[in-house]
Structures are given as structure tokens and as C-alpha cells.
Amino acid sequence: TPQSLKARFHIDVRVLNEAVKINPDTKTVTVKNLRTGETYEESYDNLILSMGAEPIRPNIEGADGSNVFTLRNIPDTLKIKNYIDTAKPRSAVVIGGGYIGVEMAENLVEAGLKVSIVELADHLIAPLDFDMAADVHRYIKSKGVYLHLNNGVKAISGNTVILQNGEITADMIILSVGVRPETAIAKECGIELNGRGSIVVNNKMQTNIPDIYAVGDAVEVEDFITKKPAFIPLAGPANKQGRIVADNICGLNSEYKGSQGSSVLKLFDMTVATTGINEQQAKVSGIEYEKVILTQNSHAGYYPNATAMTVKLLFERGTYKILGAQIVGYDGVDKRIDVIATAIRAGMKADELKDLDLAYAPPYSSAKDPVNMAGFVAENIKNG
């Protein structure tokens with residue numbers, strides 16, 4: 001609460017106050033008190049922009065209907081829950097099959113609704129390649145979720161979602177087609193944005209205007225693998241950037257070294273995790289790559305309840321630099337992706353994964369961990 005942050009950190013938190021204008025010339029921000037409607041000026045020595053990203057509401061007919069929702073914050077969550085509790089919907093369509101979309105689908109199924117997902121691409125969860133997403137498709141269908149892939153929404157008419165190919169009737173609709181940086185007030189005061197609307201910053205998170213910094217989902221970052229500008233709206237990078245800005249304001253010399261896009265998703269009992277780039281991104285970046293795909297148990301097969309996980313490792317042809325990994329399974333997926341994410345950050349080669357000395361006991365792993373096995377396979381390729 002504002003009170004607890006004041007008591008613990010001496011931070012003056014003002015909820016229901018909206019920053020409406022940045023005035024770099026006078027180093028002030030114009031703020032509107034949403035309770036009273038009054039505006040006032042607040043001065044700054046340093047200004048940090050952390051507005052985040054807002055859900056995209058596509059420009060389609062009917063997207064503003066009373067049974068159509070987006071999800072960004074707690075009030076959005078409460079609106080959705082209140083609608084389920086009062087209107088008693090029996091079916092739902094989720095438009096968009098990214099992380100938020102499939103998490104919404106899971107929660108709506110658990111709430112007792114019949115759920116369909118509509119996705120414009122040929123597979124769910126964009127950071128996955130199609131081959132790795134296929135197992136996700138099989139699993140989510142087994143949970144009763146209907147998939148409409150390679151299909152877009154043309155319009156919403158009451159309870160009918162009109163697709164490019166066919167239509168679906170549902171009592172409620174969730175829009176989950178991605179996010180865009182919420183940077184209008186930054187643009188208005190002359191802060192440089194890229195074509196997508198993300199704030200352009202240097203590696204100290206400084207904007208083009210002195211004493212104004214920006215962090216989180218509102219900013220453009222450097223992709224750690226390709227070294228190209230990227231939009232990677234994730235909580236881990238945002239938190240690190242906040243610390244880096246604080247360091248620089250306080251006279252320490254801290255730099256942000258890029259985002260890998262490491263992420264993990266719970267989907268019912270399945271876990272989906274990725275780090276680095278996928279095949280499509282490697283092709284777009286013109287990187288010559290090799291890949292290995294292997295299926296291993298989460299722990300020793302003779303110990304009860306071992307489950308299979310599929311590991312896909314991408315590495316640069318010739319140099320064996322690790323480009324990325326995708327893992328789909330049920331147990332122990334998160335720790336394997338974290339090991340590979342660490343190896344990428346440390347500059348290890350794909351075949352060097354075989355040398356990692358990882359903790360082993362039958363309930364937790366195998367004497368040759370799935371990460372080690374990926375390294376063995378990469379070494380086999382290297383040795384012909």
C-alpha cells in the first residue's frame with residue numbers, strides 16, 4: 001500500500017494521480033489528481049519513465065462490447081471475475097495464443113467454461129518453433145480447449161466472433177493479441193521513440209533528454225543474441241533496468257547488457273520454457289545454425305513419476321555458440337532452461353554443456369542430465 005511503502009522506504013506514493021505532461025525545460029511533470037480533477041506541477045532532478053505496455057485492442061468492429069475484456073492489471077482481473085460470477089457465462093473465446101492467452105484459457109477452463117483460442121499464426125506461443133508447439137497443441141486440446149490456428153478475427157457481433165474462416169459463438173471474449181508500449185507522454189515532450197513506439201535508451205537506460213531515464217516494457221532493448229534492437233516485455237529485465245537506473249542516478253556506473261527473453265509458462269500440468277532466439281529469428285537475422293532435439297526423462301527412470309521432456313537446442317554452425325533453447329515437459333523444465341540461459345550469458349559453446357557438473361540424485365535428475373545430453377549430441381555433430 002502507499003502507507004506501507006511510506007513507512008518502510010519513505011517513498012511518497014500517489015495513487016489515482018496521472019502524469020499527463022512532461023516539461024523538460026522546467027524539469028517538471030504536470031499531474032492530474034483523478035479524485036478532484038485538479039492539476040499540479042511536480043519538480044524533478046531525475047525522471048524515470050516506467051509506464052509499461054498496454055494491451056492492444058485491435059481495430060475490429062465490436063471490440064468494445066460489454067462482454068469483451070483485456071487483461072493488464074488487478075482491476076481488469078476483477079472485471080473478468082465479476083462477469084463470470086454475475087453473468088454466469090458458459091463459453092469463452094480467447095483471441096491470441098501467446099503466454100497471456102493460453103494462461104487465460106487455462107483459468108477459464110478451471111472456472112468451468114468451454115474455451116476456444118483463435119490465433120493468426122500456425123502455432124501457439126510465438127517464441128516456440130512449430131515442431132515444439134505441436135506437443136502443446138496436443139496437450140491443450142486434451143484439456144478440452146478448441147484451437148483455431150491460421151485464423152484471424154474480422155469482427156465481433158454480440159456473442160458471435162466472426163473469423164476469416166468460420167465463426168464461433170461465446171458468452172465472453174478475451175482480447176490477448178499482444179501489447180504496445182504506453183509512451184504517449186514521452187513522445188509529446190520530444191523523447192525519441194522507435195517505429196514501434198518504444199523509448200530509445202542507451203545502455204545506461206538514458207533517453208535523448210538529459211536526466212530522463214526509461215525502463216521496462218516501455219523501452220527498446222538490445223537482443224543479447226543478435227545484438228539488434230528488440231521489444232522484450234518481461235519482468236526480469238524490467239527489474240534489472242530499475243536497479244541500473246538507480247545506480248546511475250546515484251553516481252555508480254551500471255550498464256544493461258541486453259535481454260535474452262528467458263521465459264517460462266505453466267499450462268495446466270505442462271511447463272513450456274524458452275531462452276534466446278528460435279529458428280525463425282535465426283533465419284531473419286541471417287545466422288547459419290544447427291539444431292538438436294532430444295527427449296529425456298525429468299529424473300532417473302527407475303525412480304517413480306519420471307516424465308518426459310523435449311529439449312531443442314539451437315547453436316551457430318561452425319562456432320557452436322548457443323543461440324537459444326526451447327523445452328516442453330512436465331517436471332524440471334524450469335531448472336534446465338535456467339542452466340542453458342546461464343550458459344548463454346557465460347558464452348559457453350553447445351558442446352561444452354556436456355562438461356557441466358550438475359546436481360544428481362534419482363528423484364531430481366539422471367546421472368547424465370538432459371542439459372548434459374544436449375551437449376553430448378552437439379559434440380557428436382562436431383565430431384561428425
Side-chain angles (χ1 to χ4, degrees), residues 71 90-151 163 166 168 170 172-174 176-178 234 261-276 278-280 291-299 301 303-314 324-338 340-341 364-366 369-371 373-374:
L71 179 63
R90 292 200 272 182
S91 58
V93 171
V94 178
I95 300 171
Y99 285 92
I100 303 298
V102 297
E103 286 175 337
M104 279 302 312
E106 174 190 355
N107 280 275
L108 292 166
V109 168
E110 298 286 7
L113 280 74
K114 173 186 158 189
V115 180
S116 303
I117 298 176
V118 178
E119 170 55 50
L120 194 57
D122 64 358
H123 67 281
L124 300 177
I125 309 170
L128 291 179
D129 288 316
F130 181 87
D131 51 5
M132 294 296 286
D135 205 29
V136 179
H137 298 167
R138 178 197 59 77
Y139 178 71
I140 199 168
K141 286 178 187 173
S142 78
K143 293 295 183 180
V145 177
Y146 297 84
L147 296 185
H148 301 264
L149 303 173
N150 280 318
N151 214 337
L163 307 178
I168 313 168
M172 68 182 297
I173 297 150
I174 308 286
S176 182
V177 295
L234 293 169
S262 301
S263 57
V264 65
L265 165 76
K266 172 194 170 292
L267 180 59
F268 298 100
D269 295 322
M270 178 178 266
T271 303
V272 179
T274 68
T275 188
N278 58 24
E279 284 196 65
Q280 184 184 357
K291 61 185 174 186
V292 300
I293 301 175
L294 55 151
T295 300
Q296 297 288 301
N297 278 340
S298 55
H299 60 248
Y303 192 89
N305 302 319
T307 57
M309 69 173 71
T310 302
V311 180
K312 180 173 185 174
L313 182 73
L314 261 63
Q326 302 160 47
I327 310 179
V328 176
Y330 299 90
D331 185 37
V333 168
D334 54 334
K335 70 174 179 178
R336 272 58 182 231
I337 206 73
D338 282 344
I340 297 173
Y364 300 107
S365 183
S366 299
D369 187 86
V371 175
M373 291 298 289

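All residue numbers refer to positions in the sequence shown, counting from 1. Side chains included, hydrogens not; waters and symmetry mates left out as well; all remaining heavy atoms used.
Of the candidates I337, D331, V264, V264 is the only one forming a side chain to side chain contact (heavy atoms under 4.5 Å, CB included) with T271. Remark: of the listed residues L149, V102, V93, V102 is the sole one forming a side chain to side chain contact (heavy atoms under 4.5 Å, CB included) with I117.
Taking the six-membered ring wherever Trp is involved, the centroid distance between the rings of Y330 and Y139 falls below 6.0 Å.
Here the side chains of R336 and S365 are in contact, with some heavy-atom distance below 4.5 Å. Considering only heavy atoms from C-beta on, Y146 stays 4.5 Å or farther from I168 through its side chain.
Residue E119 holds its CD atom at 10.0 Å from CD1 of I125, rounded to the nearest 0.5 Å. Separation of atoms OG (S116) and CG (N151) is listed at 11.5 Å; rounding is to 0.5 Å. Rounded to the nearest 0.5 Å, atoms CG (L128) and CG (N278) are 8.0 Å apart. Note: L314 CG to Q326 CD = 7.0 Å, rounded to the nearest 0.5 Å.
Side chain of S262 to backbone of A341: no donor-acceptor contact under 3.5 angstrom is found. Not one N or O on the side chain of R138 forms a donor-acceptor pair closer than 3.5 Å with the backbone of A134. Side-chain atoms of H299 come within 3.5 Å of backbone N or O of A306 as a donor-acceptor pair.
Taking a 6.0 Å sphere around CD of E110, one finds it holds more than 12 heavy atoms contributed by other residues, nucleotides or ligands.
Remark: D129 does not engage K291 in a salt bridge, criterion side-chain N to carboxylate O under 4.0 Å. We find that K266 and E103 are not joined by a salt bridge, their nearest charged nitrogen and carboxylate oxygen being 4.0 Å or further apart.
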